Structures are given as structure tokens and as C-alpha cells.
Amino acid sequence: MRTSQYLLSTVKETPADAEVISHKLMLRAGLVRRLGSGMFSYLPTGVRVMRKVEDIVRQEMNKAGAIEVLLPMVQPAELWQESGRWDTMDAELLRFKDRHQRDYVLGPTHEEVITDLVRREITSYKQLPLSLYQIQTKFRDERRPRFGVMRAREFIMKDAYSFHLGQQSLQQTYDAMYNAYCNIFNRLGLDYRPVQADSGAIGGSVSHEFHVLAASGEDAIAFSDTSDYAANIEMAEALAPEGSRPAPQLSLSEIATPAANTVAEVAELLGVDTSTIAKTLLVLGEADDAGQQPLVALILRGDHELNELKAEKLSGVASPLQFASDEQVLAVCGAATGSVGPVGLTVNIIVDRAAAHMADFIVGANKDGYHLTGVNWDRDISQYQVADIRNIVAGDPSPCGFGQLVIKRGIEVGHIFQLGEKYSTALKAGVLNEEGKHQIMTMGCYGVGVSRIVAAAIEQNNDEYGIIWPDAIAPFQVALIPMNMHKSARIAEVAERLYQQLTAAGIEVLFDDRRERPGVMFADMELIGIPHSIVIGERNLDNQQVEYKNRRSGEKMLLDISNVVADIQLKTTC
RNA sequence: CGGUGAUUGGCGCAGCUUGGUAGCGCACUUGGUUUGGGUCCAAGGGGUCGCAGGUUCAAAUCCUGCAUCACCGACCA
């Protein structure tokens, strides 16, 4: 490609609305332009990168035995009513009507459509297992789109769905997909981790997320410092502290804590560490037969945070988790939220494992402006159950039994789920099994955020001059930069010749044939992040040489013109 | 959805307090100059100042409403 016949669209100044580095660089390097909130046009360079990512994903999907399809983005509401998600999904599902006033949705995901397709096409167990995938545009009406294409409303996703006669078959495909995902991210040249995850609203049980590690990531991931264990921070189990609980030393007494309502305020007032205080959170319990929701008290150590996901999974706790109102708190314990405590409380009490290990601790006195000190389990509070309801913190022992947890941030670029029969049951998608009986299929689903990968790769690979693409997804492999070609016939001749030779050898070259000064060319090629560049100048031409420079390492060397193609082939393949 | 802020040429911004001819840098066009790291000089084109209403002799500027966008949070996963 010649720059004179290309749309470079690089800009010097960063548009004001970009916050994260990938967004800034995607705008400056001419990869995307914003059309509206969370919607982006892809310029030629952006498309080239996206195609590279798609090709790798496509190859690995095919290798894993999945077959490519293409499903409509506009989907009739009936299917979503049939699965139940028409009612359960919130405004993230974009709904609209056609000219006949029929309801439609803009597909945020395709479980409904694929399950409908498969239930019509597949009738026998002999046709299973079956894996289908597509690479296509999705639309999710995010409440707050941000970080450029990283959390856009319209984005490109690879979504695959597998259909099985039973769990064992699903597990096999799930494992194959897991490996395919590892292959994908290895080939993309990204620093990533598979982590255990919650399956959330999509449904199902077993689930892994694939995260690209980056400080700007929206998700927190917990890793063991000595084993392979990695989990979404919401999923990581907080183990009970080692050893037995210390014996009570102090007797129960009441202390005035005027104007101290938070754990931090109480700790400061009393001159103690927040870890010696137990905080009591009142939430709604599960509705009983009469529709009443009794309150439930959740007790945590003062320095720990409630994990809402863990809490709402407990029986007796309402899901989604809902905190008690001020009136409800007052009615149950006779004090405002700042002074609630478990002593004498008549509701069900669920204690975090770490909090259950405390002795001689401090709690609210259920009396405004007072706390209790020297509180001890069993002696002062007899009825309670213990559960894991907190977020893990760095330094906690790893649930796998090896090492301590460290917390890093990641960008979720892939997510695989074992869906089970959630959608196949709702849509009555079954086959005749070996006994000739109708049997509901078991499903898995597997997503890769293609456009998000582009941004994530930039988050991980950039410097003060711009993007540094991994070779596998660079828009061009080589930048060919002639110095003042318009003034030197022999530079023009060498440049043209190298361009022809490299292109003929199947190498993607961006030949900067603009009549620009050298500095402009260098700056643009570095901003775009082309991994290898060749500078042709009078300086080295007398020796029949050109200069090579590596974008990532900064390594420079002289290449003989006669060997350029072979040398570049070596550098781009290894 | 709550909070904060923004909206002036393609991009980045000033002007608004104190109403009176719409400006700067980049980019673009033309000529010259320069040529191994975003040259320099000169000339030029391009803006109903987000929209609607109000106040005023006069509104980019003051008032009211609306829209759009971004950031923080919640939500989602």
C-alpha cells in the first residue's frame, strides 16, 4: 500500500474526550472515529487490525471444530419472549418497532437465534455435538459507554454456541474451546490469564473469563503468587483464618461513640484498628409464603468488604441483594444504621468466616451513639451461621491451597460458559436420542470481544511515540520510508524495487511515498505502530545498504539491499 | 439513573466576569524556502458561536428550557 493512495488520517492532537491511552492512540493513529456515544466508524488502518484479529479467531475456531454461520442482528421479539429475556433484561436490550408495529430487538447476543436455528435443523443425536460460530456486530445499550471501543455500545464479537446430548460431551467441547482461546491469545501476542468467573445473567454454571492484563482494566482479578489459580475477584473464595479463635479476654461493656457512624470513625474515636470492629449490614431476606421479607444481618470485619454476589447466593438472602431501608433498620434494632450490632438482634445472622474468627471485638450497641466492646461469639451472640460473604483482599491465602493472592486489573476479552439447558429448555430444543426419545440438548457458549481486543492490545503495547503492534495484528508488517525520494532518482528506484519485491514475497508494506519531510514520516509510522521499518537514504546507498529499525526494541541495523526481502522474512516470521 | 463539567471553522482552544466588527495554534489551498526526526516565510479559503425561546437599540457573552458529549458513581457482565 502506498500512503499516497491510502487514508492515513493521523492527527497530532488528541481529541479532548479520550481518557485511556488506547482510545487516544486509536484516534490519533487513525483507526477509528466516534459517530455517537459508544458508536465508532473504523478507518482503513483500524479495519486491517480488526481483520487480523478475526482471522486468528476464525482459524482457531475452525481448528476446534466449530462451523461459521451468520445470524441476523435484528431479531423478532417473539424469540426473546419465548426465552423470557424480553422481560428479564433491562434497557441494555434495545427494543424497537417496525412499520407494522411489530416488536424487535437489536441483538446483544445470539443464544435465542442460534437455539431457534438448531432446533429446526437438528433432529437426531447423531448430528451432535455441533458447534457454530459467527463474527458479527452486537449492540448493547450500555448505560455508560466509555474508554472508546473498549466499552462501546456497538462492537464486534465472535460468538460460538455448542449443542450436546449430555454434560460429558459439553465438557469435552468446553475444554476444546478453552484451549482454542489460549491459542488465540497466545497467537495475538497478548499477556492474558484465564480466570474462574461467575456466569452472571447469561446463565449456566461453569465459566471462565480470559483477561488481558492492563492497569486500566475494569475488572479485578485475584491470582495465586505460586500456582496457576486465577479468579474474578467476585468469585475468589475467602478461606477461614488458620488456627482456632482466640479465647475471650474482656467482658462485654457499652461505650459512648457520639457522632461516630462509620467503621472508620469509630476506629479513630476509640484509637483501634478497623479490623477489631465488626460491621453489621442489614439486608432483605427471601420472601416467605406471605410475601414478607424478614431482615438478615450480615457481619463482616471492619476492614473487609461485602461481596454481594456471594451474599445473594446464600439461602435466606434475597437475590438481587437489597439493603434494608432506614425505617426497616430502626424497626428491627431501635437504632440508625451507624449503631447496628448483632448482640440481642432478633433476625437471622450470617457471619463472614473472618469475622467469626474475631474475639473481644467492637460492634454497634443497637442504641444510637453507643457501641459494645469486648464482644465475643457464642458467649454474647449464640444464634448465627458462618459463610464466606466478603471480597478477598491482597495477601489472603489462595483458595487453591498454594500461595497468597495478589490482585491485578484486567480487560475481559473472552468468556466461555457451560449454559446447560437454560435456553434449550425455554425454546424446547431437543433431538431424538438413541432410545428414540425426545431429549433436550445441553449447550455451551463462547465469546471473544474482537473490537475490544484491538483496544486491549494497545493498552498493553504502546510508548510515548504511539502504538507498538504485536506482529500478528499489525496493520502492516513493514514501513518503507524513503528520504526525499522526489529529489533522488536512485532512492526512488530502490524504494520502488523493494516495495515490489517485499509485496511479491507476501509481506504487507506501507510505502510512504508522500512528499513529506523525514520527521513527518517517522512520526506517522511510529504512531501507527508498524513493527518493522526500512529507511532508504543517500547515506547508505553508496554501500548498497538500507537501514532497518525495529519499533519495539529500537534495534537498528544496516541491511544489504540484495538481502532485504530474506532478512525481513526472517524478522516477520519469528 | 444520580453527581460534575463541556458544547465557538476539520482538530485543540481563547473570548463570556464587565453585551457593541469572532480570534489563536494545528490542519487545508497557493507561492517560495528547507530536506535523516512533526522546517521557515508570505498570501488565502473556511465558523447561522449545539438548538429553541426570552431580556436588550444590540447577545458567543445575560436569563429559561431542551439536546448532545465526556468524566466520577451506581448498574451490567
Side-chain angles (χ1 to χ4, degrees), chain A residues 7-20 23-24 27-28 30 33-40 85 88-94 108-109 138 140-148 150-153 155 157 159 195 197-204 207-211 216-221 232-235 308-309 320-323 410-417 445 447 449 452 464-466 479 481-488 491 512 514-528 533-541 546-547 549 554 556 558:
Chain A
L7 188 61
L8 265 187
S9 292
T10 53
V11 287
K12 276 192 205 173
E13 279 171 303
T14 309
D17 57 5
E19 194 65 21
V20 295
H23 189 195
K24 289 177 183 171
L27 292 167
R28 286 196 53 211
R33 292 291 181 259
R34 190 183 64 78
L35 178 64
S37 181
M39 299 180 294
F40 292 88
R85 284 206 284 188
T88 56
M89 275 188 94
D90 66 2
E92 190 176 288
L93 178 65
L94 181 61
T109 172
K138 299 278 185 277
R140 294 182 187 173
D141 198 357
E142 294 278 350
R143 281 184 180 176
R144 179 144 100 82
R146 60 190 129 164
F147 306 146
M150 207 122 77
R151 185 171 284 269
R153 295 196 295 174
F155 59 98
M157 182 174 175
D159 47 326
V195 308
D198 181 57
S199 47
I202 307 255
S207 168
H208 285 86
E209 291 170 350
F210 289 76
H211 283 261
S216 59
E218 289 190 82
D219 298 287
I221 310 160
N232 191 301
I233 197 162
E234 294 180 325
M235 285 291 292
E308 299 191 12
L309 206 65
L321 194 79
Q322 209 181 334
F323 283 94
I411 301 165
E412 183 187 337
V413 289
H415 202 160
I416 58 179
F417 303 82
C445 85
R452 185 180 275 185
E464 58 185 308
Y465 301 109
I481 310 174
M483 301 285 94
N484 303 304
M485 184 168 71
H486 63 283
K487 276 181 37 182
S488 164
I491 286 177
D512 201 344
R514 293 176 295 175
R515 190 170 167 158
E516 284 287 358
R517 295 170 56 82
V520 175
M521 294 183 175
F522 291 137
D524 271 345
M525 297 303 119
E526 281 163 1
L527 174 60
I528 297 169
S533 57
I534 294 171
V535 181
I536 304 161
E538 287 287 350
R539 242 185 231 179
N540 302 305
L541 225 48
V546 292
E547 184 181 301
K549 184 173 180 188
K556 280 185 185 177
L558 293 174

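What you see is a predicted model; the values in this text were computed from it and never measured. Proteins get letters first, then strands, A, B, ... in listed order; numbering begins at 1 in each.
Annotation: of the two residues near RNA chain B, A:Arg146 and A:Gly38, the 5′-most nearest-nucleotide partner is A:Gly38.
No engagement by A:Asp141 is indicated, since no non-hydrogen atom pair under 4.0 Å with the nucleic acid exists. Within the 4.0 angstrom heavy-atom criterion, no nucleotide atom of any strand lies near A:Val11. The residue A:Arg151 sits close to a base: some heavy atom pair falls under 4.0 Å.
Side-chain proximity of A:Arg28 to B:G38, B:U35, B:C26: nearest is B:G38. Listed nucleotides: B:C69, B:U35, B:G38. Nearest to the side chain of A:His486: B:U35. In this structure, the nucleotide among B:U35, B:C76, B:A70 sitting nearest to the side chain of A:Ser37 is B:A70.
A gap of 46 Å separates the P atoms of B:U56 and B:G73, to the nearest Å. Here the separation of B:G19 from B:G10, taken at their C1' atoms, is 30 Å to the nearest Å. Remark: the separation of the C1' atoms in B:G47 and B:G53 is 23 Å, to the nearest Å. Between the P atoms of B:U17 and B:C26, the separation comes to 29 Å (whole Å). Only the C1' atoms considered, B:C66 is 33 Å distant from B:G25, to the nearest whole Å.
In this structure, CZ of A:Arg144 is placed 10 Å from C1' of B:A74, rounded to the nearest angstrom. Atom CG of A:Leu35 and atom C1' of B:C69 are 13 Å apart (whole Å). Between the C1' atom of B:C26 and the CG atom of A:Leu27 lies a distance of 16 Å, rounded to the nearest Å.
The pair A:Arg146-A:Glu19 does not meet the salt-bridge criterion, since no charged nitrogen lies less than 4.0 angstrom from a carboxylate oxygen.
Using a distance-only test at 3.5 Å, with no hydrogens or angles considered, a donor-acceptor pair links the side chain of A:Arg140 to the main chain of A:Pro108.
Look at A:Arg143 and you won't find any side-chain N or O under 4.0 angstrom from OP1 or OP2 of B:C76. For the pair A:Lys12 and B:G12, the criterion of a side-chain N or O lying under 4.0 Å from OP1 or OP2 is not met.
Nucleotide B:C66 forms a Watson-Crick or G-U wobble pair with B:G50, both donor-acceptor distances falling under 3.5 Å. Both distances falling under 3.5 Å, in either a Watson-Crick or a G-U wobble arrangement, place B:C26 opposite B:G10.
Distance check, rounded to the nearest 0.5 Å: NE2 of A:His415 to NE2 of A:His211 gives 7.5 Å.
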